[in-house]
Number of protein chains: 2
Amino acid sequence: MNDVAAGALSATAAFQLGTVGAITTDRYTRAIAPLKPKQAGILLVLSLFEGMSQQDLARKMGVAPSLLVGLLDELQDMGAVRRERDEHDRRRQIVVLTEAGRELYGTCAAAAKAMDEELLKDVADPEAFRAGLRQIAAGMGLPV
Amino acid sequence: MNDVAAGALSATAAFQLGTVGAITTDRYTRAIAPLKPKQAGILLVLSLFEGMSQQDLARKMGVAPSLLVGLLDELQDMGAVRRERDEHDRRRQIVVLTEAGRELYGTCAAAAKAMDEELLKDVADPEAFRAGLRQIAAGMGLPV
DNA sequence: TTGACATCATTCAGGCTATGAATCATTCTG
DNA sequence: CAGAATGATTCATAGCCTGAATGATGTCAA
């Protein structure tokens, strides 16, 4: 490790974002267990747009609707989420955050926030880094 | 999307690094196809430490040795890599980058470098962001 | 109203990645 | 030399994700 000049690939932001992102997700996954990252994502989206159909949720998250079924089943078993049949269109399940779900989301957010300190401890200008990350995320159409 | 205040989770560096990293890896994967990201990682490590055993390679990359078998088989089929039986310890396979492999690695590095421009186009202070990312990567023990 | 078509949630089969245990060859150690 | 340790490989398995098929419901045009 630590050969500055030799590794042109390892010097790119693309490569570093990928690897750092993967490691961060690993740690984050452990921090929020037994919740899965995608489930935290569901809670996040629902906290922003209370009451979405599974289709809309899938679109917003960029995953196949079929993937949500199992994830929501588990969230429902945890009592974090409720599925309510839409009265105006009885094909749709409206997914709603429960009070417990809101708390669970708060726990995830707290865990992530706690990770930030450790994550940024080596960064000379954390605010500039945060800003850059936020701008990239915004450019990708993520909720910022 | 784009609700600044409501999403405490989506404002954390941990969450953003994870999602941005995943999206970046997706794009990067398409850019280097038919090579897989882990295979590019192999080429990177080999370009830094020419001639490693598969055990050492696995340790350096943080993956199970058994995973390398298939990845190396493919790289070998592409002519990017050679396995040479270690004469001093005939259990070990020394993995060596071929000339073609070195070129392939260059192609990956170029693709990643090309992505950087697009990636950082919205960032106000790209150099500060790069520096921060590099510092985080270094803190995680990655080759920087 | 009815029939054709679209849409929603769900199930199912399959692909890809990654791991750990088992195996075989080889090396090291007492 | 016998037994333990190590290296590469194969195999079975788990997790995540997708797309196709299914059944229920909704929409629209004739």
Side-chain angles (χ1 to χ4, degrees), chain A residues 18-19 21-30 32-43 45-46 49 51-77 81-96, chain B residues 18-19 21-30 32-43 45-46 49 51-77 81-96:
Chain A
T19 54
I23 292 175
T24 303
T25 298
D26 268 8
R27 295 182 183 173
Y28 168 68
T29 303
R30 269 178 245 119
I32 66 172
L35 225 60
K36 300 166 187 170
K38 284 257 152 59
Q39 288 174 323
I42 291 175
L43 298 185
V45 174
L46 290 180
F49 309 88
M52 303 184 80
S53 74
Q54 297 182 202
Q55 285 293 327
D56 293 344
L57 200 49
R59 256 188 295 274
K60 192 73 79 182
M61 298 183 57
V63 300
S66 55
L67 179 60
L68 290 184
V69 176
L71 295 174
L72 287 173
D73 285 350
E74 290 172 3
L75 284 176
Q76 205 164 22
D77 289 347
V81 131
R82 245 191 348 259
R83 280 188 257 220
E84 297 177 350
R85 191 62 73 173
D86 183 345
E87 285 311 316
H88 299 299
D89 182 346
R90 303 191 29 76
R91 291 168 303 182
R92 314 176 93 215
Q93 301 267 34
I94 305 299
V95 185
V96 178
Chain B
T19 54
I23 293 174
T24 303
T25 297
D26 269 9
R27 295 181 183 175
Y28 169 68
T29 303
R30 269 179 244 118
I32 66 172
L35 225 59
K36 300 166 187 170
K38 283 260 152 59
Q39 289 175 322
I42 291 174
L43 298 186
V45 174
L46 290 180
F49 309 88
M52 301 184 80
S53 75
Q54 297 182 203
Q55 284 293 328
D56 292 345
L57 200 49
R59 256 189 294 274
K60 190 75 77 181
M61 299 184 57
V63 300
S66 54
L67 179 61
L68 289 184
V69 176
L71 295 174
L72 286 174
D73 285 350
E74 290 172 3
L75 284 176
Q76 206 164 23
D77 289 348
V81 131
R82 244 190 351 259
R83 281 189 255 219
E84 298 177 349
R85 191 61 74 174
D86 183 345
E87 284 312 313
H88 300 298
D89 182 346
R90 303 190 28 76
R91 289 169 304 185
R92 314 176 93 215
Q93 300 267 34
I94 304 300
V95 185
V96 179

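Naming convention: chains lettered A, B, ... in sequence-line order (proteins, then strands); numbering from 1 in each chain. Model, not experiment: these values are computed from the prediction.
Separating the CD1 atom of A:I42 from the P atom of D:dC16 is a distance of 12 Å, rounded to the nearest angstrom. Residue A:D86 contributes atom CG, which lies 10 Å from atom P of D:dT27 at whole-angstrom precision. Straight-line distance from the CD atom of A:E74 to the C1' atom of D:dC16: 12 Å, rounded to whole Å. Protein atom CZ of A:R90 is 7 Å distant from nucleotide atom P of D:dG26, rounded to whole Å. Distance CZ (A:R85) to P (D:dT25): 8 Å, rounded to an integer number of Å. Between the CG atom of B:L57 and the P atom of D:dT9 there is a distance of 12 Å, rounded to whole Å. Note: CZ (A:R59) to C1' (D:dT18) measures 17 Å, nearest angstrom. Atom pair B:Q93:CD and D:dT9:C1' shows a separation of 10 Å (rounding to whole Å applied).
Comparing D:dG7, D:dT9, D:dT18 by their closest approach to the side chain of A:L67 singles out D:dT18.
One side chain, A:Q76 or A:R83, offers a donor N or O that lies under 3.5 Å from an acceptor on the other.
Put simply, chain A comes within 4.0 Å of DNA chain C, heavy atom to any atom, from C:dA6 to C:dT11, going 5' to 3'.
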Applying side chain to side chain contact (heavy atoms under 4.5 Å, CB included) to A:L75 and A:V95, what does each step give before you reach the verdict? CA-CA 11 Å; A:L75 284 176; A:V95 185; over 6 Å; no

When you look at B:M61 and B:K38, which way does the side chain to side chain contact (heavy atoms under 4.5 Å, CB included) test go after all the steps? CA-CA 9 Å; B:M61 299 184 57; B:K38 283 260 152 59; 4.1 Å; yes

Tell me, with the steps shown, if B:Q93 and B:R85 meet side chain to side chain contact (heavy atoms under 4.5 Å, CB included). CA-CA 5 Å; B:Q93 300 267 34; B:R85 191 61 74 174; 3.5 Å; yes

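Nucleotides of DNA chain D nearest to B:I94 and A:A64 differ in position, and the one nearer the 5' end is that of B:I94. Between A:K36 and A:E87, the residue anchored nearer the 5' end of DNA chain D, judged by the nucleotide with its closest heavy atom, is A:K36. Along DNA chain C, the nucleotide closest to A:R91 and the one closest to A:V69 are compared, and the more 5′ of them pairs with A:R91. Nucleotides of DNA chain C nearest to B:L71 and A:R92 differ in position, and the one nearer the 5' end is that of A:R92.
Under the 4.5 Å side-chain criterion, counting only non-hydrogen atoms from C-beta, A:Q54 is not in contact with A:P65. Annotation: side chain of B:I32 is not in contact with side chain of B:Q39 (no heavy-atom distance under 4.5 Å).
Distances shown here put every side-chain N or O of B:Q55 at or beyond 4.0 Å from the OP1 or OP2 atom of D:dT6.
Here the closest heavy-atom approach between residue B:T29 and residue B:P37 is recorded as OG1-CG, 3.3 Å.
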